[in-house]
Amino acid sequence: PRSTSIKAFHAWLLRESSLGNLQRQEAVSMVPPLLLDVRPGMAVLDMCASPGSKAQQILEMLAAPARIANTDAAARAPVRSLDEARGLLVAND
């Protein structure tokens, strides 16, 4: 029998996943975007985008503030909306 805390956690996972607030991803799927060292301003072609967890990670990396080494203060500012995104991702499903 499952404990009530595990049942509650499972219900939370399902609810947040259905709302789009949470996406579960295997650890091995997180490696390619990290090895690509994706940064704002880059263009990325993802030819293996299904179901989309790597593509989501790449989008988050494109929208992240630029690295501190960048001298352009505007590029270091956090992205507040999709209109301010600084990159491009083309994903093949």
Side-chain angles (χ1 to χ4, degrees):
R2 294 165 127 187
S3 71
T4 54
S5 61
I6 291 185
K7 285 182 183 178
F9 179 66
H10 185 254
W12 178 83
L13 278 175
L14 292 176
R15 182 179 63 250
E16 294 302 311
S17 293
S18 69
L19 292 171
N21 295 329
L22 177 71
Q23 183 176 359
R24 294 181 278 179
Q25 181 179 22
E26 295 288 330
V28 71
S29 294
M30 297 178 196
V31 174
L34 294 174
L35 290 177
L36 287 172
D37 193 26
V38 176
R39 288 179 260 163
M42 290 182 162
V44 180
L45 174 61
D46 184 354
M47 295 298 292
C48 303
S50 184
S53 57
K54 287 185 295 293
Q56 178 64 34
Q57 186 178 354
I58 291 169
L59 285 172
E60 289 175 7
M61 294 169 86
L62 288 172
R67 298 177 189 271
I68 299 300
N70 190 334
T71 58
D72 182 359
R76 289 194 310 266
V79 174
R80 291 177 294 281
S81 74
L82 289 177
D83 294 334
E84 298 179 34
R86 296 181 204 91
L88 171 69
L89 171 65
V90 177
N92 178 28
D93 184 339

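Taken together through direct or relayed side-chain contacts under 4.5 Å among Ile, Leu, Val, Met, Phe, Trp and Tyr, L34 and L59 form part of one hydrophobic cluster. Connection of V28 to M30 is not established within any shared hydrophobic cluster, with ILVMFWY side chains joined at heavy-atom distances below 4.5 Å, either directly or through further cluster members.
For the side-chain contact (heavy atoms from CB on, under 4.5 Å) test, residues two or more places apart in sequence or in another chain that qualify with V90 are L45, L88. For S5, the side-chain hydrogen bond (donor to acceptor under 3.5 Å, both in side chains) partners two or more places apart in sequence, or in a different chain, are S3.
The CG atom of D46 lies 12.0 Å from the CD atom of Q56; values are rounded to the nearest 0.5 Å. With rounding to the nearest 0.5 angstrom, the CZ atom of R15 is 10.5 Å from the OG atom of S17.
Minimum heavy-atom separation, P32 to K54: CG-CD, 4.0 Å.
Cluster note: W12 groups with F9, L13, L22 through ILVMFWY side-chain heavy atoms spaced under 4.5 Å, whether in direct contact or through intervening members.
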